[in-house]
Each structure stands twice: as C-alpha cells, then as structure tokens.
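Computed from a predicted model, the values in this text were never measured in an experiment.
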Amino acid sequence: RKIMNWLIYNLLAVIVLATMMLLFKWLSIQGLTNSVILFFVFLFGASFYFVHLLVNKTVLQLNSKLILILVLAATLNNI
C-alpha cells in the first residue's frame, strides 16, 4: 500500500513539473525573458513561504553567521 502512495505522489510530481515547464516555455514564446520569468517565480514563491512562516508562527532564530551563510547560498544560487 505504501508503494502505491509513493507511485501516486511521484506521478503527481511529474505532472506538476511538466506543467510548470510547459508554462515557462509558453511564457518565453510570449516574449518574456528568463530573468523576468524567474523573478516572478521566486517573488511569488518567497511570498508563499513568508505566509507559511506567519501562519505557523515560526520563530526565526538567526544570528549574523547564519545570515551570512544564507547570503552566500543565495549568491551561489545566482551565479
């Protein structure tokens, strides 16, 4: 039974990923550059995570070292 759940979740993930790729392709055909597409994808994604943090009342326990590592990770992500 657990194998079937895994299979269903896997198929759903493949469908979602394929849909996202097709939407990205359509947006690029409409003339949007990759930078604009990714800007809005990350903007909306970040806002969903922000709402998630607020709803779950997550306490952010960050110090300067952790913030620097997060900035480094974000920088490396954009190279």
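Under a 4.5 Å side-chain heavy-atom cut-off, the cluster of Ile, Leu, Val, Met, Phe, Trp and Tyr residues that includes L32 is completed by L17, M20, M21, F24, W26, L27, V36, I37, F39, F40, V41, L43, F44, F48. Here I15 sits alone; no ILVMFWY side chain lies under 4.5 Å from its own, so it joins no hydrophobic cluster. Hydrophobic side-chain contacts under 4.5 Å tie V51 into a cluster, directly or through other members, with V55. Here L54 sits in one hydrophobic cluster together with F50; the rule is ILVMFWY side chains under 4.5 Å apart, joined directly or through other members.
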In sequence, state the C-alpha distance, the side-chain angles, and the governing distance for I79 and L76, and then conclude on side chain to side chain contact (heavy atoms under 4.5 Å, CB included). CA-CA 5 Å; I79 291 180; L76 293 173; 3.9 Å; yes

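Rounded to the nearest 0.5 Å, atoms CG (N5) and CG (N10) are 12.5 Å apart. In this structure, CG in L72 is found 14.0 Å from CD1 in I67, a value given to the nearest 0.5 Å. Once rounded to the nearest 0.5 Å, the distance linking CG of L68 with CG of L62 reads 11.0 Å.
For L7, the side-chain contact (heavy atoms from CB on, under 4.5 Å) test picks out M4, L11, with sequence neighbours left out.
For residues 34-60, the side chain to side chain donor-acceptor pair (under 3.5 Å) pairs, not counting sequence neighbours, are H52-N56.
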